[in-house]
Protein chains: 2
Amino acid sequence: MARASNSKGKTRIQKEKTEQILSAALDIFSAYGFRGATIDQVAEKAGISKPNLLYYFDNKEAVHAELIKRLLYIWLDPLNQLNEEGEPVEEICAYVQRKLEMARDYPRESRLFANEILQGAPRIDTLISGTLKLMVDEKVSVIANWVATGKINDVDPHHLLFSIWSTTQHYADFDVQVRTLTGPKAKDRFEDASKYLDFLFRSALTPRS
Amino acid sequence: MARASNSKGKTRIQKEKTEQILSAALDIFSAYGFRGATIDQVAEKAGISKPNLLYYFDNKEAVHAELIKRLLYIWLDPLNQLNEEGEPVEEICAYVQRKLEMARDYPRESRLFANEILQGAPRIDTLISGTLKLMVDEKVSVIANWVATGKINDVDPHHLLFSIWSTTQHYADFDVQVRTLTGPKAKDRFEDASKYLDFLFRSALTPRS
DNA sequence: GTCTATAGTCGGATAGAC
DNA sequence: GTCTATCCGACTATAGAC
């Protein structure tokens, strides 16, 4: 019997249901973590029954695995766009902005990822040591080259990336705290963050004359 | 009957057991989140039986609540030390270093906090909008004053704090990822982070002449 | 105070009718 | 394909012996 865990050989109806489920699952998993989320919650949010959900996915793990699989592509895209041929400071600042836009537009994905890492990455360790590490290693050497040729100041490329990820993802992962502390008067926290982060990284990277 | 949830009127034995339980609980809760942690795990790690644990604490929530309560004091201490009378750039850079040391020495506390915020702070919302916000508001106005008098560059105080928190806590919360991506050759990630973060914030804050 | 045994509940997964 | 009903394991919490 055909199972709907992959996208091959499915009818239009099946695809729609699968997407409904995954969207609901992203809501629930990102908000409560893997353990904290229940299939019942996901099914209810997707507007179907629990057994029906389990007709489309073998089990809870399978739903989560599919979400993680899709996450990686969205996740790596902004880093992928970092162009070795571009003007170094501008390239990095543009990367910061793309990452911040991701935190604004895909907060659920950010939190899903954070939940996993925070708990020791039990279900995504191969992803991190595999695809992610490969891409990071590549971009780290690009940045190291910019440092070596004096195009940007002497910073550790790994830690530069960590600081970009953490500062931008913070607005998705710690959103509750950010909103509480900035208060209701703050109009657009992402607008303010955009301006601040651009200044922060530009100041640190632009070579002293 | 005396319950051991608070520290009043307890024997030495009771205090020790309570500390054993809380230390074990910090391990488990920070690693698996509230929902993912089980009392059995905590009891086993503390070297006692589950009913015995529940003799010392009313229930699972009570253990967690006590951890959170204690967390706040450790958490606010580095910010507390920020001295309005000191030299602004040095004060902030010293704060960054203290926060980084906290991430190194108290990673479990950092992850416990992150787990809570990430899932919408269901058990600590009053803490954030209460004590934390009060202290943050106070320090924000100190920083705003430094900006107004030209002692540091024109940055948004809230977002400065967010970037300090996120970059430093990243080394506790995303430790798995950091270690995987920097690789085994990296001797001391905290040493490298210390150097990098000092440069980052110093560059951005030091007033242009 | 600490244990064994167990009650009670929840959640993942399956059976089987339609 | 979708539902109702249900099984079963896991987990919180309590009862009661010692």
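In what follows, chains are A, B, ... by sequence order, proteins preceding strands, each numbered from 1. The figures here come from the full heavy-atom set of this structure, side chains too, leaving out hydrogens, waters and symmetry mates.
For B:Tyr56, the listed nucleotide lying nearest its side chain is C:dG1; candidates were C:dG1, C:dA13, D:dT2.
With a 4.5 Å cut-off on side-chain heavy atoms, B:Trp146 and B:Ile92 count as touching.
OP1 and OP2 of D:dT12 both lie 4.0 Å or more from every side-chain N or O belonging to B:Arg35.
Test A:Arg104, A:Glu101, A:Arg189, A:Gln97 against A:Ser194 for side chain to side chain donor-acceptor pair (under 3.5 Å) and you get one pass: A:Gln97.
Side-chain N/O atoms of B:Lys133 and A:Thr180 include no donor and acceptor closer than 3.5 Å.
One finds a salt bridge joining B:Asp40 and B:Lys50 here, because a Lys/Arg side-chain nitrogen approaches an Asp/Glu carboxylate oxygen to under 4.0 Å. In summary, A:Glu66 and A:Arg70 engage in a salt bridge, as defined by a charged side-chain N under 4.0 Å from a carboxylate O.
If you take OH of B:Tyr55 and C1' of C:dT2, they are 10 Å apart, rounded to a whole angstrom. As a whole-Å value, the separation of B:Lys60 NZ from C:dC10 C1' is 12 Å. The distance between atom CD1 of B:Ile28 and atom C1' of D:dT12, rounded to the nearest whole Å, is 16 Å. Taking atom CG on A:Asn59 and atom C1' on C:dG11, their separation rounds to 14 Å, with Å as the unit. One atom, CZ of A:Phe57, and another, P of C:dG12, lie 15 Å apart when rounded to the nearest Å. Nucleotide C:dG11 holds its P atom 14 Å from the CZ atom of A:Phe34, rounded to whole Å. Atom-to-atom, CG of A:Leu53 to C1' of D:dG1 comes out at 13 Å; the value is rounded to the nearest Å. The distance from atom CG of A:Leu54 to atom P of C:dG12 is 9 Å, rounded to the nearest whole Å.
Remark on DNA chain D: of its neighbouring residues B:Ala37 and A:Thr11, the 5'-side contact belongs to A:Thr11, judged by nearest-heavy-atom nucleotide.
The aromatic rings of B:Phe113 and A:Phe174 lie tilted to each other, with the angle between the two planes from 30° to 60°.
Within residues 39-52 of chain B, the residues having any heavy atom closer than 4.0 Å to DNA chain C are, in order of number, B:Ser49, B:Pro51, B:Asn52.
Side-chain rings of A:His159 and B:Tyr171 approach one another, their centers coming within less than 6.0 Å.
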